Number of protein chains: 2
Amino acid sequence: MGVSIEDVAEQAQVSTATVSRALRGLPRVSPATRARVLAAAQELGYVPSRSASGLASGLTRTVGLLVPFVDRWYFGRAVEGIDQVLRDSGYNLLLFSLGGGHGHGRKRSFTEAMVRKQIDALLVLSLGLSPEELCQLQHTGIPLLSVGGPVEGCSGVFIDDRAAARAATEHLIALGHRRIGYLQGGSDDEQSFEVPNLRTAAFAAAMSRAGLELRPEWMLPGDFTVSGGVRAAAQIYDLPGESPTALFCGSDEMALGAMFEAQRRGMRIPEELSLIGIDDHDFSAPAGLTTVAQNPWEQGRVAATMVLAELGGVSGAVQGRIMPFELVERGSTAPPQR
Amino acid sequence: MGVSIEDVAEQAQVSTATVSRALRGLPRVSPATRARVLAAAQELGYVPSRSASGLASGLTRTVGLLVPFVDRWYFGRAVEGIDQVLRDSGYNLLLFSLGGGHGHGRKRSFTEAMVRKQIDALLVLSLGLSPEELCQLQHTGIPLLSVGGPVEGCSGVFIDDRAAARAATEHLIALGHRRIGYLQGGSDDEQSFEVPNLRTAAFAAAMSRAGLELRPEWMLPGDFTVSGGVRAAAQIYDLPGESPTALFCGSDEMALGAMFEAQRRGMRIPEELSLIGIDDHDFSAPAGLTTVAQNPWEQGRVAATMVLAELGGVSGAVQGRIMPFELVERGSTAPPQR
DNA sequence: CTGTTAGCGCATTCAG
DNA sequence: CTGAATGCGCTAACAG
């Protein structure tokens, strides 16, 4: 079955130690010998056993990725970027999805055991870690890096969420809106994840800086999802009395939900209601949604690259990095008509 | 650093072999001994080394998952389902994303080496495999199962795509439509994946069965994506002369693209144009899109369960399975007005 | 029911 | 520059 390093050694007339060196591109191997080994390995279709080399070297050449979901835009994109740089460096990607709430409400139970002795580093995607969890993870001693949001006590790669939310809010204010509502992301079981709170705080700050009133009935949770956006928006649209002329949504998914619900009711966008989100989801350009764009794919690449550098011996390569965002104006925002 | 099985053995006053048996729940261990071992392992914070047990047993307890993307609805959902059953059985999920075309146009180069000696089974997600690729994979001797579409020479878990496409087409026909266009999925670098062709063939068959004309200028490729749907739809809407009264789209993403483009032009749906897709994407219900629903999450679970059973010794557990679909009528389809 | 004995396939000392 | 020896941590026969 398995072609082992011994078979290659025999075929190339050298020792297994030399085969090992030659195949990994280490020095101290003459060009001629290396060529011979490579040829032999090629001919025999030799593939080193990950288990064996992992056991012998203590390294797995595998990076773990902990995600709350994979089936949402931000996460899928980030995973894609991460996988790409890992794969290009010969590393494997071990996926741990918490699968938040799908189906049988699986509990969030990742443990040290999931992680230890099977990965060389861990990337944590847009996830709040409790102090205990973080402590467990840090205790393993492997490089740890968050992507998509800050995790206390751990470096991260993400945008400045306060600034992004502020840019969105101020865009609406600059347009002349004064009655502005807000759809907040996040859910209860994700309390420790700061991103939604940062955005909310920045929205509130921008509003008060402009001397505008925060109306609690116009600030609803939408869970970062389309359907959450639909629900929250419907609730606001149903309110008697004065309505907001604009809605800032903490994610494009929610903004699109709000847009669908508005269209269903025959409301005109942006004439009757301006809508802005954050992300630049695939659907946003086709839908004409104004948004604050970010690039999770690139964020993933940057994070994976850092981790690889660290594993490659560049101590201090894993560090925090603020990534850019950009306001993209499309058709869903305009000055208020009333 | 690492607490090894020997430490546990010493602590529990037994041999390493007994520790191994006890921890894995094998028979031939007295309850008292087992309890002692468990306690010792717990106390020491012992975590077995995957590499070591893999090397000794020849099993990795890891399943590979080969996907073209992860950042699209069907794939993300399927991955979620797969991950869940794998994780619940203590298996790891090793992700291989081909990352089709993102950024630097990475070539599709997964090799035997990616797969061999590091996974116990491989799941292939909605991917056409060339004969050589399939041969390589089968040569490894591990269980192989496709999800989301047929792969010649390999069992698969997926819906009856012909029947699904037929249901969609006949829904439009039953409504009275006679001028029906079609947006096809798939791209050139995915020629070997049969799903788009199956749907196209079924559409054509249903049309001719009803005595309706197939108009080539109304049958355009949309790449399964929103933006592809926008482009294809725009091209059809721009056509001079008679327009179709309905569009069947090979995926909801494309249908939603067609919907966005229609709305941008002020076309009324379903009054001026009926739209139907396949999938039941997250956005479809909020958008009011009629569709033929399928459940990739469940498909993933079924496939993963089969593979696990096979690995568990149930020979023949991996087999083809046709999963259900269901027509879900929403607001985007209605009888033609003209 | 339990301990002993061998490797699993490779990376690493160290000599040469 | 190369080879022989050693052990990574665990599982899998065997005995007992």
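By convention in this document, chain letters (A, B, ...) are assigned in the order of the sequence lines, proteins followed by strands, and residues within each chain are numbered from 1. Since the model is a prediction, treat every value here as computed from it, not as a measurement.
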Outermost nucleotides of DNA chain C that come under 4.0 Å of a non-hydrogen atom of chain B | C:dC1 to C:dG9
Counting only heavy atoms not in A:Glu152, do more than 12 fall under 6.0 Å of its CD?
-> no
Roughly how far, to the nearest 0.5 Å, is the CG atom of B:Leu123 from the CG atom of B:Leu66?
-> 10.0 Å
Comparing nearest nucleotides in DNA chain C, the 5'-proximal residue of the pair A:Ser57, B:Ala52 is B:Ala52
So, the side chain of B:Arg34 versus the backbone of B:Leu26: is there a donor-acceptor pair under 3.5 Å, distance only?
-> yes
Across the strands shown, which category fits B:Arg24 at heavy-atom distances under 4.0 angstrom: base, sugar-phosphate, nothing?
-> sugar-phosphate
Do the side-chain N and O atoms of A:Gln84 and A:Arg301 include a donor-acceptor pair separated by under 3.5 angstrom?
-> yes
Only residue of B:Pro296, B:Ser97, B:Pro68 satisfying side chain to side chain contact (heavy atoms under 4.5 Å, CB included) with B:Phe75 is B:Pro68
For A:Pro27, which contact category applies under a 4.0 Å heavy-atom criterion: base, sugar-phosphate, or nothing?
-> nothing
DNA chain D: 5'-most and 3'-most nucleotides touching chain A, 4.0 angstrom heavy-atom criterion | D:dC1 to D:dG9
Are more than 12 heavy atoms from other residues, nucleotides or ligands located less than 6.0 Å from atom CZ of B:Arg36?
-> yes
Side-chain donor or acceptor of A:Gln118 paired with backbone N/O of B:Arg50 under 3.5 Å = no
Here the gap from A:Leu65 atom CG to A:Leu125 atom CG, rounded to the nearest 0.5 Å, amounts to 5.5 Å
Looking across every strand, which nucleic acid part, if any, lies under 4.0 Å from A:Ser51 by heavy atom: base, sugar-phosphate, or nothing?
-> nothing
Rounded to 10°, tell me the angle between the two end axes of the helix from C:dC1-D:dG16 to C:dG16-D:dC1, each built from five pairs.
-> 30°
Would you indicate what B:Val19 reaches in the nucleic acid, counting non-hydrogen atoms under 4.0 angstrom: base, sugar-phosphate, or nothing?
-> nothing
Flag if over 12 foreign heavy atoms under 6.0 Å of CD, B:Gln11 = yes
